[in-house]
Amino acid sequence: MKSSTLNWSPVVLSFLAIVGLALVTSSFVIINPGQAGVLSILGKSQDGALLEGIHLKPPLVSTVDVYDVTVQKFEVPAQSSTKDLQDLSGRFAINFRLDPNEVVNIRRTQGTLENLVSKIVAPQTQESFKIAAARRTVEEAITQRAELKQDFDDALTSRLDKYGIVVLDTSVVDLTFSTEFAKAVEDKQIAEQRARRAVYIAQEAEQEAQAEINRAKGRAEAQRLIAETLKAKGGALVLQKEAIEAWKDGGAQVPRVLVVGSGSDVPFILDLQRTEAEDGAIAQPG
């Protein structure tokens with residue numbers, strides 16, 4: 001009997017050591033950076049979040065739910081009607097994180113992060129987009145996209161803050177409109193382009209007409225000055241000077257056109273080339 005008792009002693013001691021080690025290891029929990037924990041004892045969440053570091057907890061009867069409090073990113077779709085009752089759809093990328101001090105309340109009300117996104121973030125994104133879109137027409141939503149985003153950010157931030165969700169940034173991934181509005185925008189752009197083209201053509205024609213008027217005025221003025229020069233005293237000398245210069249430009253050859261002064265203001269102009277041609281025609285026998 002004594003020998004049997006001695007044989008069981010090592011087994012019992014090993015079992016007790018294992019139980020003791022299990023109790024010790026389950027008596028504390030380590031929370032890493034970027035995490036926050038919620039301690040529950042017998043299924044009841046305890047007040048006060050467990051932040052990074054080592055924390056003691058009752059063994060066997062307690063559990064710790066660990067939440068990621070680093071930046072999370074989700075894309076959430078949203079639909080709304082604008083001020084002029086046009087359908088407007090959007091898709092938003094939302095960067096947020098959980099407030100570490102609010103994870104206990106999140107654990108009690110929402111449970112997991114997936115529930116938080118589906119039950120809180122997505123519906124509040126939809127409502128915030130409705131608020132922002134209803135303040136402007138669909139055209140203003142296009143031309144005032146920055147203002148639309150700002151209204152959306154303000155509404156979403158205030159709505160998610162009470163759930164322990166800190167909105168860091170949002171971005172508009174896409175905005176889409178109804179087919180009817182897209183067609184109307186295209187038709188309007190085409191009409192505006194045609195109108196601008198018509199205005200350009202009219203301005204171009206007006207400028208060309210004005211240029212032609214200016215050229216005509218210039219020619220008339222030049223002719224008037226020439227006429228006044230010829231009528232004035234010494235006008236015949238001007239014609240003789242031009243004839244001499246033309247002769248020089250021809251290489252001192254016999255000019256094709258000879259200007260002969262007749263003592264009057266109007267010179268006598270003789271085309272020598274034409275005269276020679278006519279004389280040659282007469283000299284040939286018929």
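What's counted below: heavy atoms across the whole structure, side chains too, no hydrogens, waters or symmetry copies. Since this is a predicted model, take the numbers as computed values, not measurements.
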Heavy-atom side-chain contact between T70 and R97 under 4.5 Å
no

For a quick test of reading the model, state the closest non-hydrogen atom pair linking E75 to P77 and the distance between them.
O-CD, 4.1 Å

With sequence neighbours left out, what residues match N32 under side-chain hydrogen bond (donor to acceptor under 3.5 Å, both in side chains)?
none

Looking at Q79, I want to see if its CD is surrounded by more than 12 non-hydrogen atoms of other residues, nucleotides or ligands under 6.0 Å.
no

Which atom names give the shortest non-hydrogen contact between S158 and A155, and what distance separates them?
OG-O, 2.9 Å

Which heavy atom in K149 sits nearest to a heavy atom in S171, and how many Å separate them?
CE-CA, 4.0 Å

Whether D161 side chain and T157 backbone form a donor-acceptor pair below 3.5 Å:
no

Does any non-hydrogen side-chain atom of L116 lie less than 4.5 Å from one of L98?
yes

Minimum heavy-atom separation for Q126 and A78, please, with both atom names.
OE1-CA, 3.2 Å

Which residues pass the ring-ring contact (aromatic ring centres under 6.0 Å, His included) test with F92, sequence neighbours left out?
F129, F152

So, taking the atom named CZ in F28 and the one named NZ in K57, what distance separates them when rounded to the nearest 0.5 Å?
9.5 Å

Check: D68 and L113 side chains under 4.5 Å, non-hydrogen atoms:
no

To the nearest 0.5 Å, how far apart are CG in D151 and CZ in R136?
4.5 Å

Heavy-atom pair of closest approach, residues I94 and L156
CD1-CD2, 3.8 Å

For a quick test of your reading: what N or O donor-acceptor pairs under 3.5 Å do the side chains of residues 100-112 make, sequence neighbours left out?
from : atom 1 : to   : atom 2 : distance (Å)
R107 : NE     : D65  : OD2    : 2.7
R108 : NH1    : D47  : OD1    : 3.2
R108 : NH2    : S45  : O      : 2.9
R108 : NH2    : D47  : OD1    : 2.6
T109 : OG1    : N105 : O      : 2.7
T112 : OG1    : N115 : N      : 3.3
T112 : OG1    : N115 : ND2    : 3.4

Might you point out which heavy atoms bring A36 and L51 nearest each other, and give the distance in Å?
CB-CD2, 4.4 Å

